[in-house]
Amino acid sequence: MSSPSTPHSAEGPRAARGRPPRLDQGRTARAALDLLGEAGLDALTMRRLADAVGVQAGALYRHFATKQDLLTVMAERMLEGCSAPPPEGDWSERLTVLAHRMRAALLAHRDGARVYAGTHSTGENTLGFAETLVGVLREAGFRDEDAARAVLAVVNFTVGHTLEEQAALQPGDSAAAEVGPADPDRLRRAVAAQDFPHLTAALPVLTSTDFAAHFAFGLNLLVQGLRATGRHGPAGAAEARP
């Protein structure tokens with residue numbers, strides 16, 4: 001959640017002259033997300049996107065210097081609605097709601113976590129979501145530095161988990177992923193062929209595709225770890241500590 005530059009607005013001199021269809025950042029992002037859903041991230045090229053919005057590929061580069069700039073705008077759009085305050089309750093319940101909200105937003109798009117990973121949008125949706133997360137923790141009495149690191153931990157866990165979830169369940173898009181979704185039987189056969197008693201005992205969970213349960217368990221570990229630090233209290237307590 002650092003702050004590299006956000007892609008420029010999709011207004012430019014060629015659009016002003018009206019020769020090609022006017023490029024609009026919102027419309028372009030929607031078209032990119034539509035293409036993402038159809039074919040996946042590896043097939044999303046600037047040329048293909050240009051065809052979808054009815055312009056030359058060079059026109060896109062006037063507004064998105066690199067594909068990473070485009071992904072940043074797409075990631076920003078995916079988080080739309082995530083920054084709304086969570087229901088009232090204990091800070092841990094509110095934090096959990098926000099993390100689940102982010103996971104759902106990424107899962108709503110094919111390769112959503114891959115798109116989001118490594119982007120650093122300074123747009124309203126991204127900063128608003130971060131503001132809500134930090135606010136929940138600061139209001140619970142977490143020190144500023146602890147609140148910031150806790151947010152990084154929660155966001156990184158959510159993105160990493162969702163990356164693995166989508167990689168396991170979605171068809172492979174690259175040449176390296178031609179085998180498609182993960183095959184639990186492959187792990188079962190490998191473990192059965194050797195002497196791994198502990199893995200054998202854990203196989204029912206290790207081969208489970210109940211990713212919601214996996215996510216909830218890991219998130220609860222994070223929350224309980226934060227609670228165990230003892231570095232929070234009633235609202236305002238953080239400021240009272242030396």
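Every value quoted in this text rests on a predicted model; they were computed, and no experiment measured them.
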Student: Kindly give the heavy-atom pair with the smallest separation between Ala117 and Val159, and that separation in Å.
Tutor: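 Minimum heavy-atom contact is CB-CG1, 4.1 Å.
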
Student: Could you list the residues that satisfy side-chain contact (heavy atoms from CB on, under 4.5 Å) with Ala150, not counting sequence neighbours?
Tutor: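 Scan of Ala150 (side-chain contact (heavy atoms from CB on, under 4.5 Å), adjacent residues dropped) gives Leu137, Leu226.
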
Student: Test of understanding: with side-chain contact (heavy atoms from CB on, under 4.5 Å), list the residues that count as partners of Asp210, not counting sequence neighbours.
Tutor: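 Counting only residues at least two positions away or on another chain, Asp210 forms a side-chain contact (heavy atoms from CB on, under 4.5 Å) with Ser208, Ala212, Ala213.
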
Student: Checking Arg101 now: which residues fulfil salt bridge (charged side-chain N to carboxylate O under 4.0 Å, His left out) with it, not counting sequence neighbours?
Tutor: none

Student: Decide whether Leu95 and Val97 are clustered together by the hydrophobic rule: side chain heavy atoms of Ile, Leu, Val, Met, Phe, Trp, Tyr closer than 4.5 Å, transitively.
Tutor: no

Student: Can you sort out the partners of Arg77 under side chain to side chain donor-acceptor pair (under 3.5 Å), two or more places apart, ordered by chain and number?
Tutor: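 If we apply the side chain to side chain donor-acceptor pair (under 3.5 Å) test to Arg77, skipping adjacent residues, there are no hits.
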
Student: What's the shortest heavy-atom distance between Ser83 and Thr132, and which atoms?
Tutor: O-OG1, 2.7 Å

Student: Step by step, work out the side-chain contact (heavy atoms from CB on, under 4.5 Å) result for Thr72 and His120.
Tutor: CA-CA 7 Å; Thr72 298; His120 303 279; over 6 Å; no

Student: What pairs of residues pass the salt bridge (Lys or Arg N to Asp or Glu O under 4.0 Å) test when at least one of them lies in residues 212-226, not counting sequence neighbours?
Tutor: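 The answer is none; no pair qualifies.
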
Student: Quick one: list whatever passes side-chain contact (heavy atoms from CB on, under 4.5 Å) with Ala105, sequence neighbours left out.
Tutor: Leu79, Cys82

Student: Hey, does the side chain of Arg94 reach the backbone of Pro87 with a donor-acceptor pair shorter than 3.5 angstrom?
Tutor: yes

Student: Go through Leu35 and Thr45 one step at a time and tell me if the side-chain contact (heavy atoms from CB on, under 4.5 Å) criterion holds.
Tutor: CA-CA 9 Å; Leu35 289 175; Thr45 64; over 6 Å; no

Student: Any side-chain heavy atom of Phe64 sitting closer than 4.5 Å to one from Thr28?
Tutor: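 Heavy-atom side-chain distance check passes, below 4.5 Å.
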
Student: My understanding is that only residues two or more places apart in sequence, or in another chain, count here; which of them pass ring-ring contact (aromatic ring centres under 6.0 Å, His included) with His161?
Tutor: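 If we apply the ring-ring contact (aromatic ring centres under 6.0 Å, His included) test to His161, skipping adjacent residues, the hits are Phe157, Phe215.
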
Student: Can you confirm whether Leu33 sits close enough to Arg30 that some side-chain heavy atom of one is under 4.5 Å from a side-chain heavy atom of the other?
Tutor: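 Sidechains of Arg30 and Leu33: no contact.
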
Student: Could you state the interatomic distance from CE (Met102) to OG1 (Thr158), rounded to the nearest 0.5 Å?
Tutor: 6.0 Å

Student: Of all heavy-atom pairs between Val53 and Arg27, which one has the smallest distance, and what is that distance?
Tutor: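 Between these two residues, the closest heavy atoms are O-NH1, 3.6 Å.
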
Student: Test side-chain contact (heavy atoms from CB on, under 4.5 Å) on Met74 and Leu44; report intermediate values, then the result.
Tutor: CA-CA 12 Å; Met74 294 167 66; Leu44 175 62; 3.6 Å; yes

Student: Just verifying a value: how many Å separate Thr162 OG1 and Asp111 CG, rounded to the nearest 0.5 Å?
Tutor: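 The distance works out to 12.0 Å.
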
Student: Considering all heavy atoms of both residues, which atom of Ala75 and which atom of Thr119 are nearest to each other, and what is their separation?
Tutor: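 What the structure gives for the nearest pair is CB-OG1, 3.5 Å.
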
Student: Between Asn220 (side chain only) and Ala216 (backbone N and O only), is there a donor and an acceptor less than 3.5 Å apart?
Tutor: no

Student: List the atom of Phe142, the atom of Thr229, and the distance in Å for their closest heavy-atom pair.
Tutor: CE2-OG1, 4.5 Å

Student: For residues Glu139 and Trp91, determine if any side-chain heavy atom of one lies less than 4.5 Å from a side-chain heavy atom of the other.
Tutor: no

Student: Does any pair with a residue in residues 191-213 pass ring pair (Phe, Tyr, Trp, His ring centres under 6.0 Å), and if so which ones, sequence neighbours excluded?
Tutor: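 Every pair satisfying ring pair (Phe, Tyr, Trp, His ring centres under 6.0 Å) with a residue in residues 191-213: Phe211-His214.
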
Student: May I ask you to decide whether Arg103 forms a salt bridge with Glu165, counting only side-chain N to carboxylate O separations under 4.0 Å?
Tutor: yes

Student: Calculate, to the nearest 0.5 Å, the distance between atoms CG and CG belonging to Leu222 and Leu219 respectively.
Tutor: 6.5 Å

Student: Not counting sequence neighbours, which residues clear salt bridge (charged side-chain N to carboxylate O under 4.0 Å, His left out) with Arg188? List them please.
Tutor: Asp185

Student: For Leu206, enumerate each residue passing the side-chain contact (heavy atoms from CB on, under 4.5 Å) test, keeping only those at least two apart in sequence or located in another chain.
Tutor: Leu187, Leu199, Ala202

Student: Are Tyr116 and Leu41 connected in the hydrophobic side-chain network, where two residues link if heavy atoms are under 4.5 Å apart?
Tutor: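 In one cluster: yes.
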
Student: Rounded at 0.5 Å granularity, tell me how far CG in Leu71 sits from OG in Ser121.
Tutor: 12.0 Å

Student: Has Glu76 got a side-chain atom pairing as donor or acceptor with Thr122's backbone, closer than 3.5 angstrom?
Tutor: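 Not confirmed, Glu76 side chain does not pair with Thr122 backbone.
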
Student: Go through Leu60 and Leu70 one step at a time and tell me if the side-chain contact (heavy atoms from CB on, under 4.5 Å) criterion holds.
Tutor: CA-CA 9 Å; Leu60 287 180; Leu70 172 64; over 6 Å; no

Student: Can you name the salt bridge (charged side-chain N to carboxylate O under 4.0 Å, His left out) partners of Asp90, sequence neighbours left out?
Tutor: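 Asp90 satisfies salt bridge (charged side-chain N to carboxylate O under 4.0 Å, His left out) with Arg227 once adjacent residues are dropped.
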
Student: What pair of heavy atoms forms the shortest contact from Gln166 to His109, and how long is it?
Tutor: NE2-O, 3.0 Å

Student: For the backbone of Ala50 and the side chain of Gln56, can you confirm whether one donor and one acceptor N or O come within less than 3.5 Å of each other?
Tutor: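 A pair under 3.5 Å: no.
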
Student: Quick one: does any side-chain atom of Glu93 pair with a main-chain N or O of Pro86 as donor and acceptor, under 3.5 Å?
Tutor: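 Here the side-chain-to-backbone pair does not exist.
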
